[in-house]
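Here is how names work: the chains are called A, B, and so on, in the same order as the sequence lines, proteins then strands, and each is numbered from 1.
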Amino acid sequence: MKISTWNVNSVRARLDNIILYIKKNSPDIILLQEIKTQEENFPYKTFESLGYISYVNGQKSYNGVAILSKKKLSETNAILPGDKIKQARFFSTKIKIDNKKVELINIYVPNGNPVDTEKYFYKINWLNLLLKYLENKIKNGNLIIITGDFNIIPEDIDVHAPEKYLNDALFRIEIRKKFREMINLGLVDLFRSFNKKEDQYTFWDYTQGSWQKNNGLRIDHMLISNLLINKVRKVEIIKNIRGQVKPSDHVPLECEFN
DNA sequence: ATGGCAGAACATTTCTGA
């Protein structure tokens, strides 16, 4: 089974790119972030014609997450307990891997810049709520796959110029500790466990020729329960997507399970 | 320090993103 995560920066503006990607890579499940639309304007029918059922947690203009799946999904939930701001950044469901029940979670973590503003504190608070949610699930014996746009650069190796990001909401120690806390719950940074190389990015800014200079960031992740790691066949960043006409600033991250 | 680009909507300008 192939699972893919992709911040598309507007599902409607990116429809042609997404269709092309689906036809070529045919993931079983795609987790989308930043769909930037309400459910009423989501292109359900386009994806249905490609063989996918869409599950959408939408919002006007900003944020929004969705899961496209070839098979019907069960136990879907669009609410992160305790989040009072209620931006559309969370969607969870249950799937089966190797006949084991697994909670699959799609997240779009707040960016948090500029630091030490209301936006930054919202990010910290959102991550704390997510940690509480994960801790509870894991304590109760649930297997987890959590994927999406974490807006966190885990290590120096994951950013083209670490010294420039020390006081950025994506790289501040305080934020990176939240990522580490997730790992410490018993999760694995799947991409990094399979690939130790530098310059492995999932995002390149639209400005300053970032793509051409390979000035990227690795901020889209898949964390999975330790117990699932031996079910993983392959994990891959689909980098060439960023070179398309009218691309998203993020590219898909794929994982194949046995 | 600013602005580089892109998308959506309050739309020929403003906001948000990372």
Side-chain angles (χ1 to χ4, degrees), chain A residues 5-19 21 32-43 46 56-66 83 85-90 106-127 130 147-176 178-179 199-221 237 239 241-253:
Chain A
T5 177
W6 190 8
N7 178 324
V8 288
N9 186 18
S10 170
V11 68
R12 287 178 291 168
R14 215 65 60 212
L15 208 49
D16 289 346
N17 309 58
I18 299 171
I19 291 167
Y21 168 71
L32 301 175
Q33 302 88 36
E34 271 206 277
I35 59 171
K36 290 188 170 177
T37 182
Q38 290 165 299
E39 291 166 43
E40 61 207 64
N41 294 321
F42 190 87
T46 304
V56 182
N57 177 13
Q59 184 184 328
K60 199 182 221 178
S61 300
Y62 308 115
N63 314 316
V65 290
D83 182 18
I85 309 275
K86 291 190 166 58
Q87 295 179 351
R89 299 179 172 277
F90 182 93
N106 185 15
I107 56 166
Y108 175 46
V109 178
N111 173 308
N113 276 314
V115 294
D116 297 331
T117 62
E118 202 176 321
K119 288 180 180 179
Y120 185 74
F121 300 128
Y122 178 49
K123 180 178 194 175
I124 295 278
N125 182 54
W126 202 92
L127 287 169
L130 183 65
T147 92
D149 179 356
F150 282 61
N151 270 320
I152 300 175
I153 302 163
E155 306 286 346
D156 282 12
I157 191 177
D158 300 312
V159 48
H160 62 95
E163 70 283 356
K164 288 184 184 163
Y165 283 80
L166 289 173
N167 207 24
D168 189 285
L170 279 64
F171 195 54
R172 255 202 182 173
I173 288 291
E174 185 179 23
I175 296 292
R176 292 160 64 188
K178 300 297 173 194
F179 190 81
D199 298 334
Q200 303 291 302
Y201 306 131
T202 63
F203 166 90
W204 294 260
D205 199 287
Y206 285 123
T207 68
Q208 300 166 313
S210 298
W211 168 244
Q212 289 75 10
K213 297 176 194 162
N214 196 28
N215 287 346
L217 312 173
R218 192 174 73 91
I219 52 177
D220 301 271
H221 308 295
I237 295 169
K239 186 177 177 181
I241 293 276
R242 186 62 178 78
Q244 289 178 334
V245 177
K246 212 169 168 276
S248 169
D249 38 8
H250 298 249
V251 297
L253 171 63

Check the pair A:Tyr165, A:His160 against ring-ring contact (aromatic ring centres under 6.0 Å, His included), reporting the backbone distance first and the verdict last. CA-CA 10 Å; A:Tyr165 283 80; A:His160 62 95; 5.7 Å; yes
So, does A:Lys119 get its side chain near the phosphate of B:dA18, meaning an N or O under 4.0 Å from OP1 or OP2? no
Atom CG of A:Asp168 to atom P of B:dA1: distance rounded to whole Å? 15 Å
Taking all non-hydrogen atoms of both residues, which atom of A:Gln33 and which atom of A:Gly148 are closest, and how far apart? NE2-CA, 3.4 Å
Closest listed nucleotide, where the reference is the side chain of A:Tyr206 and the choices are B:dA18, B:dG7, B:dA6: B:dA6
Is any side-chain nitrogen or oxygen of A:Arg14 closer than 4.0 Å to OP1 or OP2 of B:dG7? yes
Using atom P in both nucleotides, what's the gap between B:dA18 and B:dT13 to the nearest angstrom? 26 Å
Considering every strand and a 4.0 Å limit on heavy-atom distances, what is the contact class for A:Asn63: base, sugar-phosphate, or nothing? nothing
Please report the C-alpha distance between A:Trp6 and A:Tyr21 in whole Å, then the side-chain angles of each, then the deciding distance to 0.1 Å, and finally whether the ring-ring contact (aromatic ring centres under 6.0 Å, His included) criterion is met. CA-CA 11 Å; A:Trp6 190 8; A:Tyr21 168 71; 5.3 Å; yes
Please work out if A:Phe203 contacts a base, only the sugar-phosphate, or nothing of the nucleic acid, heavy-atom cut-off 4.0 Å. sugar-phosphate
B:dA11 to B:dT16 separation - P atoms, rounded to the nearest Å: 16 Å
Dump every N/O contact between nucleotides 8-10 of chain B and the protein below 3.5 Å, one line per pair.
residue : atom : partner : partner atom : Å
B:dA8   : OP1  : A:Ser10 : OG           : 2.3
B:dC10  : OP1  : A:Lys60 : NZ           : 3.4

Check the distance between B:dT16's P and A:Asn7's CG and give it to me in whole angstrom. 17 Å
Spacing between A:Gln87 atom CD and B:dC15 atom P, to the nearest angstrom: 16 Å
Has A:Ser10 got a side-chain atom pairing as donor or acceptor with A:Lys36's backbone, closer than 3.5 angstrom? no
Measuring only the C1' atom in each nucleotide, how far is B:dT2 from B:dT12? A whole number of Å is fine. 23 Å
Write down the distance separating the P atoms in B:dT14 and B:dA1, rounded off to the nearest Å. 24 Å
Write out a two-atom table: protein N or O, nucleotide N or O from nucleotides 2-4 of chain B, distance below 3.5 Å.
residue : atom : partner  : partner atom : Å
B:dG3   : N2   : A:Gln208 : NE2          : 2.1

Return the OG1 to CG distance between A:Thr207 and A:Asn215, rounded to the nearest 0.5 Å. 9.5 Å
Can you list, by residue number, the residues of residues 147-159 of chain A that have a non-hydrogen atom closer than 4.0 angstrom to DNA chain B? A:Asp149, A:Asn151
Report the residues that fulfil salt bridge (Lys or Arg N to Asp or Glu O under 4.0 Å) with A:Asp116, sequence neighbours left out, ordered by chain and then residue number. A:Arg172
In whole angstroms, how far is the C1' atom of B:dT16 from the CG atom of A:Asp249? 12 Å
Please give the distance between the P atoms of B:dC15 and B:dC10 as a whole number of Å. 14 Å
Rounded to the nearest 0.5 Å, what separates atom CZ in A:Phe42 from atom CD in A:Gln38? 13.5 Å
Quick one: list whatever passes salt bridge (Lys or Arg N to Asp or Glu O under 4.0 Å) with A:Arg218, sequence neighbours left out. A:Asp158, A:Asp189
For the pair made of CG in A:Asn111 and C1' in B:dG7, what is the distance, rounded to whole Å? 16 Å
CG of A:Leu127 to OH of A:Tyr122: how many Å apart, nearest 0.5 Å? 10.0 Å
Would A:Tyr108 and A:Phe90 count as a side-chain contact (heavy atoms from CB on, under 4.5 Å) here? Give the steps. CA-CA 7 Å; A:Tyr108 175 46; A:Phe90 182 93; over 6 Å; no
Respond yes when some side-chain nitrogen or oxygen of A:His250 is under 4.0 Å from OP1 or OP2 of B:dG17, and no when none is. no
Output the rounded distance in Å from CD (A:Gln59) to C1' (B:dT16). 11 Å
Given side chains that start at C-beta, do those of A:Asp149 and A:Phe203 come closer than 4.5 Å, heavy atoms only? no
Is any side-chain heavy atom of A:Leu32 less than 4.5 Å from a side-chain heavy atom of A:Thr5? no
Separation of A:Trp204 atom CH2 from B:dA6 atom C1', in whole Å? 17 Å
The salt bridge (Lys or Arg N to Asp or Glu O under 4.0 Å) partners of A:Glu39 (sequence neighbours excluded) come to none
To the nearest Å, give me how far apart CG (A:Asn113) and C1' (B:dC15) are. 15 Å
